[in-house]
Visitor: 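Once you've had a glance at the structure underneath, I'll fire off some questions.
These numbers come from a predicted model, not from an experiment.
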Amino acid sequence: MSLRGFGNSYLENEEEEENYEQSTSSQSASARGSHFEWQLYEGQKWLSIGNDHVIETHYCQPGAKGMNIYPSHMGQVYIDFDQIEAQNAAMGVRRLTFLPQGQNEDIGWYFKDNLIWREYGSLGPGQGSSSVSSGDVERQYILRPQGTFHFTVGRNSYTLDFTAMTQTNSATRVQRNVRRRPKFNSVVSGNGSVSIAQSAPTVIASPPPSAGYTWEFMGEEGVWIEYQTPSCSLGSAEIERRYQKNPKGQIRFKAGRYSYTLDFSGMCQTNIRIGTKRIVRRTQCEAQQTSSGGLGLRSRWQFQDVDGSWKDFAKRSDTCSVSSQDIEAQYQQNPNGTMNFTTRRFSYQLDFSALTQRNLSTQTTRSVRRLN
C-alpha cells in the first residue's frame with residue numbers, strides 16, 4: 001500500500017491506530033472495487049469521504065488544479081490537487097492506494113503547453129519527437145524524487161526539476177509547469193502491461209427507468225460533453241435505456257469516423273481503433289442528487305438579463321452550449337480562469353474572477369453569479 005498526501009502527522013502513540021485505520025481502509029476500498037481512497041483528517045482521526053470516486057475523476061485530469069467538496073457537517077472544503085492539502089487549516093487530506101504486489105498505478109506526466117496540458121511522449125503535430133515518455137519520467141522520479149532529469153525534443157534540450165515541478169528549455173530558459181497524475185482506474189503490472197482496475201460504484205443508486213439521466217464523457221481540458229445525436233449514433237436517452245437493461249454490460253456506438261465501446265461497469269469509453277479511453281459519467285437531469293454522506297457539485301450559475309432578472313445557464317442544442325453543471329466543472333478546475341461558450345448567434349467568454357460574461361462580437365458585458 002502506498003500513501004500520498006497528508007495534512008497532519010500522527011503522534012507516536014497513534015501509530016497502532018493509524019495501522020488499524022489503513023488496514024480498515026484497504027478492506028473498505030477492496031469491498032467497493034477500487035484501489036484508492038480519499039480521506040479527511042478531523043477530530044484526531046482520518047475519515048473516509050463518501051463517493052470519493054468523484055474526487056478521483058477530477059484528480060486524474062491534468063488540467064484540474066483542485067475542487068470543492070461538501071462532506072456532511074463540514075461545509076465546503078477545497079482540495080488542492082498539486083499539494084494534496086485542504087485549504088481549511090483545521091483539516092488534512094490524503095489519498096491512499098491499495099494494489100496487489102507486482103502492480104502499480106499507471107502514472108501520467110504532463111507539461112503545460114500554453115493552455116493545454118500535454119502528456120510526455122504524446123506531442124502534437126510539428127512539435128518534434130520526444131526522447132521520453134511518462135513511463136521514462138516516472139522511473140527517474142522514483143529514483144530521485146528531489147532531483148532533476150535531462151531530455152530532448154527534436155533539437156531542444158530540457159531539464160525537468162522534480163522539486164519545483166517545472167520544465168526548463170536549456171537554451172531559451174523558458175519554463176513550463178509540470179504535473180504528475182495517475183490515470184483513472186489504470187494499473188501497470190510487473191511485465192509493463194496496462195489494465196483497467198475495477199471501478200468504484202457510481203454516485204447515484206439505480207432509479208426507476210422513467211427517471212431522466214444524462215450521459216457524458218470527459219473531453220479535452222476536463223470539460224464534460226453530453227452524448228447527443230446526430231454527432232453521435234446514440235444519445236443520452238438511448239444509452240440510459242440500454243443501461244437499465246444491463247448495468248454491467250457494454251454497448252457500441254459511432255461518432256464521426258470512429259467506433260467506440262462504452263463500458264457501464266468501468267464507466268469509460270474506448271476508441272476501438274486506436275485504444276484511447278475517456279471517463280464517462282451518468283448524472284440526474286437538472287438536480288444533482290447525492291447519497292447521504294456523499295458530495296456533489298451543487299452550485300448553480302446564472303446571468304443577469306437585460307430586465308435585471310437572473311436566469312440559469314441551461315444547455316439546449318438551439319440556444320446555449322453550456323449548462324450550470326458544465327460551468328461548475330470548469331470552475332472547479334480553475335476558479336480564476338475563463339471559459340468560452342456559444343448561443344444561437346453569438347460567442348461569449350465567462351470570466352470566473354470578474355464574474356462576468358462578455359459578448360465577443362459586441363463586447364457587451366453582463367453580470368454572472370454562482371449560487372450554492
Visitor: Answer yes or no: is there an ion pair linking R300 with E328, defined by an N-O contact shorter than 4.0 Å?
Guide: no
Visitor: First locate atom CE of M165, then atom CG of D161, and finally report the distance between them rounded to the nearest 0.5 Å.
Guide: 9.5 Å
Visitor: Using the rule that Ile, Leu, Val, Met, Phe, Trp and Tyr join whenever any side-chain heavy atoms are under 4.5 Å apart, tell me whether Y258 and I225 fall into a single cluster.
Guide: yes
Visitor: Determine whether the side chains of R358 and Q349 contain a donor N or O and an acceptor N or O closer than 3.5 Å.
Guide: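 Their side chains do contain a donor-acceptor pair, which is all the 3.5 Å distance test asks for.
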Visitor: Report yes if some heavy atom in the side chain of F253 is under 4.5 Å from a heavy atom in the side chain of C232; otherwise report no.
Guide: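 Sidechains of C232 and F253: in contact.
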Visitor: Quick one: do E240 and R282 satisfy salt bridge (Lys or Arg N to Asp or Glu O under 4.0 Å)? Show the steps, please.
Guide: CA-CA 9 Å; E240 176 66 16; R282 171 180 177 259; 2.9 Å; yes
Visitor: Side-chain contact, heavy-atom cut-off 4.5 Å: W109 with E119?
Guide: no
Visitor: If hydrophobic clusters are built by linking Ile, Leu, Val, Met, Phe, Trp and Tyr wherever their side-chain heavy atoms come under 4.5 Å apart, do F346 and M339 end up in the same one?
Guide: yes
Visitor: Quick one: pull up OH in Y158 and NE2 in H150 and give me the separation to the nearest 0.5 Å.
Guide: 14.5 Å
Visitor: Stepwise, does the salt bridge (Lys or Arg N to Asp or Glu O under 4.0 Å) test hold for D82 with R179?
Guide: CA-CA 8 Å; D82 288 332; R179 280 180 177 163; 3.0 Å; yes
Visitor: Yes or no on side-chain contact (heavy atoms from CB on, under 4.5 Å) for Y110 and R176, after CA distance, side-chain angles and deciding distance?
Guide: CA-CA 10 Å; Y110 308 86; R176 298 186 186 276; over 6 Å; no
Visitor: Kindly give the heavy-atom pair with the smallest separation between T166 and V178, and that separation in Å.
Guide: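 Reported closest heavy-atom pair: C-CG2, 3.7 Å.
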Visitor: For T342 and S347, which heavy atoms make the closest approach, and how far apart are they?
Guide: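 Looking at all heavy atoms of both residues, the shortest contact is CG2-OG, 3.6 Å.
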Visitor: Within a strict 4.5 Å, meaning less than it, do heavy atoms of the T97 and R95 side chains meet?
Guide: yes
Visitor: Would D106 and R181 count as a salt bridge (Lys or Arg N to Asp or Glu O under 4.0 Å) here? Give the steps.
Guide: CA-CA 9 Å; D106 188 10; R181 297 288 171 85; over 6 Å; no
Visitor: From K277 NZ over to D263 CG, what is the distance, rounded to the nearest 0.5 angstrom?
Guide: 8.0 Å
Visitor: Judged by atom type as modelled, is there a donor-acceptor pair below 3.5 Å linking the side chain of S157 to the main-chain atoms of S170?
Guide: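 Such a contact is absent between S157 side chain and S170 backbone.
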Visitor: Is atom CZ of R369 surrounded by more than 12 heavy atoms (other residues, nucleotides or ligands) closer than 6.0 Å?
Guide: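 Correct, the count exceeds 12.
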Visitor: Between F98 and F36, is the gap from one ring center to the other below 6.0 Å?
Guide: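 They do not qualify: ring centres at least 6.0 Å apart.
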Visitor: Could you check whether S48 and E37, counting side-chain N and O atoms only, form a donor-acceptor pair closer than 3.5 Å?
Guide: yes
Visitor: Run Q302 and R370 through side-chain contact (heavy atoms from CB on, under 4.5 Å) and show every step you take.
Guide: CA-CA 7 Å; Q302 298 179 324; R370 178 175 179 260; over 6 Å; no
Visitor: If you measure from CZ on R144 to CD on Q146, what distance do you get to the nearest 0.5 Å?
Guide: 11.5 Å
Visitor: Might you work through the side-chain contact (heavy atoms from CB on, under 4.5 Å) test for N359 and Q363, ending with a clear yes or no?
Guide: CA-CA 5 Å; N359 185 310; Q363 301 304 308; over 6 Å; no
Visitor: Which residue is it: I251, I272, N271? I am looking for the one with a side chain to side chain contact (heavy atoms under 4.5 Å, CB included) to T261.
Guide: I272
Visitor: Restricting to non-hydrogen atoms, name the atom on V77 and the atom on A86 that form the minimum distance, rounded to 0.1 Å.
Guide: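 It is CG1-CB, 4.0 Å.
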Visitor: Between E105 and K183, does any NZ, NE, NH1 or NH2 come within less than 4.0 Å of an OD or OE carboxylate oxygen?
Guide: no
Visitor: For residues F149 and Y141, establish whether the separation of their ring centroids is below 6.0 Å.
Guide: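 No.
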Visitor: Evaluate the side-chain proximity of F341 to S321: yes if any heavy-atom separation is below 4.5 Å, no if none is.
Guide: yes
Visitor: Let me confirm one number: the CG-CD distance from N51 to E56, rounded to the nearest 0.5 Å.
Guide: 13.5 Å
Visitor: Looking at I84 and W38, what are the two nearest heavy atoms and their distance?
Guide: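 That closest heavy-atom pairing would be CD1-CH2, 4.2 Å.
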Visitor: Ignoring hydrogens and angles, state whether a donor on the side chain of Q269 or Y227 is under 3.5 Å from an acceptor on the partner side chain.
Guide: yes
Visitor: With a 3.5 Å cut-off and no angle check, do the side chains of R94 and Q39 form a donor-acceptor pair?
Guide: yes
Visitor: Determine yes or no for a side-chain-to-main-chain donor-acceptor pair under 3.5 angstrom, with Q332 supplying the side chain and N68 the backbone.
Guide: yes
Visitor: Would you please indicate if the ring centroids of Y120 and F151 are separated by under 6.0 Å?
Guide: yes
Visitor: Mind checking whether F313 and L350 have side chains closer than 4.5 Å, heavy atoms only?
Guide: yes
Visitor: Under a 4.0 Å threshold between the charged nitrogen and the carboxylate oxygen, would R278 count as salt-bridged to E216?
Guide: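 Salt bridge absent between E216 and R278.
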Visitor: Regarding K254 and S259, is there a side-chain donor-to-acceptor distance under 3.5 Å anywhere?
Guide: no
Visitor: Would you check if the side chain of S323 reaches a backbone N or O of D326 as a donor-acceptor pair within less than 3.5 Å?
Guide: yes
Visitor: Does the pair F217 and Y260 meet the rule for a side-chain contact (heavy atoms from CB on, under 4.5 Å), with working shown?
Guide: CA-CA 12 Å; F217 65 91; Y260 299 84; over 6 Å; no
Visitor: Taking L355 as the starting point, is it possible to reach V322 by hopping between hydrophobic residues whose side chains are less than 4.5 Å apart?
Guide: yes
Visitor: Any chance you could measure C320, atom SG, to I327, atom CD1, to the nearest 0.5 Å?
Guide: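 The CD1 atom of I327 is 6.5 Å from SG of C320, to the nearest 0.5 Å.
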Visitor: Heavy atoms, side chains only, cut-off 4.5 Å: are E138 and I142 in contact?
Guide: yes
Visitor: Classify the ring geometry of F264 against W215: parallel below 30°, tilted from 30° to 60°, perpendicular beyond 60°.
Guide: tilted
Visitor: Find out whether N169 and N156 are in side-chain contact, i.e. whether some heavy atom of one side chain is under 4.5 Å from a heavy atom of the other.
Guide: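 A side-chain contact exists here, since the closest heavy-atom pair is under 4.5 Å.
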Visitor: Taking all heavy atoms of L234 and all of T229, pick out the closest pair and write down the distance.
Guide: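 That closest heavy-atom pairing would be C-CG2, 4.0 Å.
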Visitor: Any idea which heavy atoms bring I279 and Q61 closest together, and the distance?
Guide: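 Smallest heavy-atom distance, with atoms named: CD1-NE2, 3.2 Å.
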